[in-house]
Amino acid sequence: MRARRSCLAVPGSNPRFLEKAQGIAADEVFLDLEDSVAPGAKEEARRNVVGALREGDWTGRTVVVRVNDLTTQWTYRDVIDVVEGAGDRLDCLMLPKVQDAAHVVWLDTLLGQIERANGLPEGRIGIEAQIENARGLVNADDIAASSPRLETLVFGPADFMASIGMRTLVVGRQPPGYDEGDAYHYILMRILMAARAHDLQAIDGPYLQIRDLDGFRAVARRAAALGFDGKWVLHPTQVETANEVFSPSQEDYDHAELILDAYEYYTTVEKRGAVMLGDEMIDEASRKMALVVAAKGRAAGLRRTGVFTP
Ligand code: GLV
Ligand code: MG
């Protein structure tokens, strides 16, 4: 699994941002041809993006281009120009406003043809599918199962709120009048379930109030707590917070590694399946939970600070 704690959106029509993004420590960078690019600038943005992929230094990042959605006239040309021009520099394409599995199958098929025609390794370029309307959410399971190229489902809150008629203009904030619970809980959980049922990552979308870092942190923590793997960032100031929120704390990481070592020791050396670790009873299910936290910690570059002694 690629790291995606922070996924930086970069408008393809802005050469200065395309240059600047190369110095930002986001796990993923996605160069956008869709909603951050005005209709009249789409073609120039394609050229900018291919140039930035070819000439830029994106080392260490997950590199993605977001194409336009399938209801537009731009998508096929986005895919062909970007993959023919710089397919070898690309990890994934992101497809926005996916409404059913056929959208992803279309992209999978087109990618296969371009790869074959250009001598690129077949199936290497992955797909990220944005779920951003009611139809997409209702079809989330089928979408998640639609292609072996799929790596993530991505929540698109702004388009989604518009699609269902949610009465707020502030992405991530609770709609006024909804005073109990979390208006996003069902949507986030639905996407997470579909993703996990098909071994995909689940990524939360943008928080648009870019000067409100506390608000960003609160919304990010909500998604991280449920199990989401990362979140979009629209500004360099959000990157560090996202990387921190979507990594386990040092304490949780140490605890997870301790559980794994202890469980290994007790089940193999002592051949016992449920044992006490301090005041805590651990068993096979504890090992599974610990594996999740340990994997996220290792991926985030954490180093354990304690050792297990029986
Ligand atoms: C992202 O694309 C969104 O619509 O929130
Ligand atoms: Mg959107």
Side-chain angles (χ1 to χ4, degrees), residues 1-37 45 48-67 82 86 89-96 125-130 151-158 171-172 195 200-224 227-248 295-302:
M1 284 286 187
R2 303 179 208 275
R4 286 187 170 92
R5 293 168 303 171
S6 48
C7 304
L8 178 69
V10 189
S13 50
N14 190 322
R16 196 168 59 84
F17 284 0
L18 288 167
E19 180 71 40
K20 228 176 121 188
Q22 295 170 43
I24 297 173
D27 286 346
E28 171 179 310
V29 176
F30 79 86
L31 313 184
D32 190 23
L33 298 176
E34 202 222 14
D35 282 355
S36 70
V37 175
N48 293 342
V49 162
V50 170
L53 288 173
R54 290 241 67 84
E55 283 142 36
D57 178 6
W58 305 100
T59 318
R61 256 72 55 78
T62 298
V63 180
V64 178
V65 170
R66 178 167 73 164
V67 297
V82 168
R89 304 293 167 96
L90 202 60
D91 293 314
C92 291
L93 285 182
M94 188 188 311
L95 190 62
I125 298 173
I127 297 177
E128 303 190 352
Q130 276 192 285
E151 298 189 8
T152 72
L153 297 184
V154 182
F155 177 39
V171 168
L200 307 178
Q201 289 182 331
I203 304 298
D204 192 17
Y207 184 73
L208 305 178
Q209 320 300 113
I210 55 176
R211 290 187 213 290
D212 176 12
L213 210 52
D214 289 340
F216 175 81
R217 178 184 293 273
V219 175
R221 278 172 57 87
R222 208 158 68 191
F228 272 65
D229 299 287
K231 182 169 176 61
W232 281 17
V233 293
L234 301 181
H235 193 267
T237 53
Q238 295 176 334
V239 172
E240 203 182 314
T241 305
N243 287 348
E244 182 201 314
V245 167
F246 287 95
S247 304
K296 288 193 178 191
R298 289 173 204 162
L302 294 183

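If you're wondering where the values come from, they're calculated on a predicted model, not measured in any experiment.
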Could you list the residues that satisfy salt bridge (Lys or Arg N to Asp or Glu O under 4.0 Å) with Glu19, not counting sequence neighbours? none

Considering the options Val82, Leu53, Val65, which one meets the side-chain contact (heavy atoms from CB on, under 4.5 Å) requirement together with Arg89? Leu53

Looking at CG of Leu93 and CZ of Arg66, how far apart are the two atoms once the value is rounded to the nearest 0.5 Å? 12.5 Å

Indicate yes or no for a side-chain donor-acceptor contact from Trp58 to the backbone of Ala52 under 3.5 Å, with no hydrogens or angles considered. yes

Say whether, by atom type as modelled, one donor and one acceptor occur between the side chain of Ser6 and the main chain of Glu240 under 3.5 angstrom. no

Could you tell me if the side chain of Cys7 sits less than 4.5 Å from the side chain of Ile203, heavy atoms only? yes

Considering non-hydrogen atoms only, spot the tightest contact between Trp232 and Gln238 and give its length. O-OE1, 4.4 Å

What are the two closest heavy atoms between Ala300 and Ser247, and how far apart are they? CB-OG, 3.4 Å

What pair of heavy atoms forms the shortest contact from Asp204 to Phe155, and how long is it? OD1-CD2, 3.4 Å

Enter the distance from Asp229:CG to Leu200:CG here, rounded to the nearest 0.5 Å. 10.0 Å

Give me the atom names and distance for the closest heavy-atom approach of Arg4 to Cys92. NH2-SG, 3.4 Å

At their closest point, which heavy atom of Lys231 faces which heavy atom of Val219, and how far apart are they? NZ-CG1, 3.7 Å

Set of ring-ring contact (aromatic ring centres under 6.0 Å, His included) partners for Phe228, sequence neighbours left out: none

Heavy atoms of Ile24 and Lys20 approach each other most closely as CG1-O, 3.7 Å

Any side-chain heavy atom of Met94 within less than 4.5 Å of one from Glu34? no

Would you say Val64 and Glu28 make side-chain contact, with heavy atoms under 4.5 Å? yes

Sequence-distant partners of Tyr207, ring-ring contact (aromatic ring centres under 6.0 Å, His included), two or more places apart: none

Under a 4.5 Å cut-off applied to non-hydrogen side-chain atoms, are Val29 and Leu31 in contact? yes

CD/Gln201 to CD/Glu128 distance, rounded to the nearest 0.5 angstrom? 8.5 Å

Residues in salt bridge (Lys or Arg N to Asp or Glu O under 4.0 Å) contact with Arg5, at least two apart in sequence or another chain: Asp27

Do Val233 and Thr241 have side-chain heavy atoms sitting under 4.5 Å apart? no

All salt bridge (Lys or Arg N to Asp or Glu O under 4.0 Å) counterparts of Arg2, not counting sequence neighbours: Asp91, Glu151

Show which side-chain atoms of residues 8-18 pair as donor or acceptor with protein atoms under 3.5 Å away, not counting sequence neighbours.
| residue | atom | partner | partner atom | Å |
| --- | --- | --- | --- | --- |
| Asn14 | OD1 | Arg16 | N | 3.1 |
| Asn14 | OD1 | Phe17 | N | 3.1 |

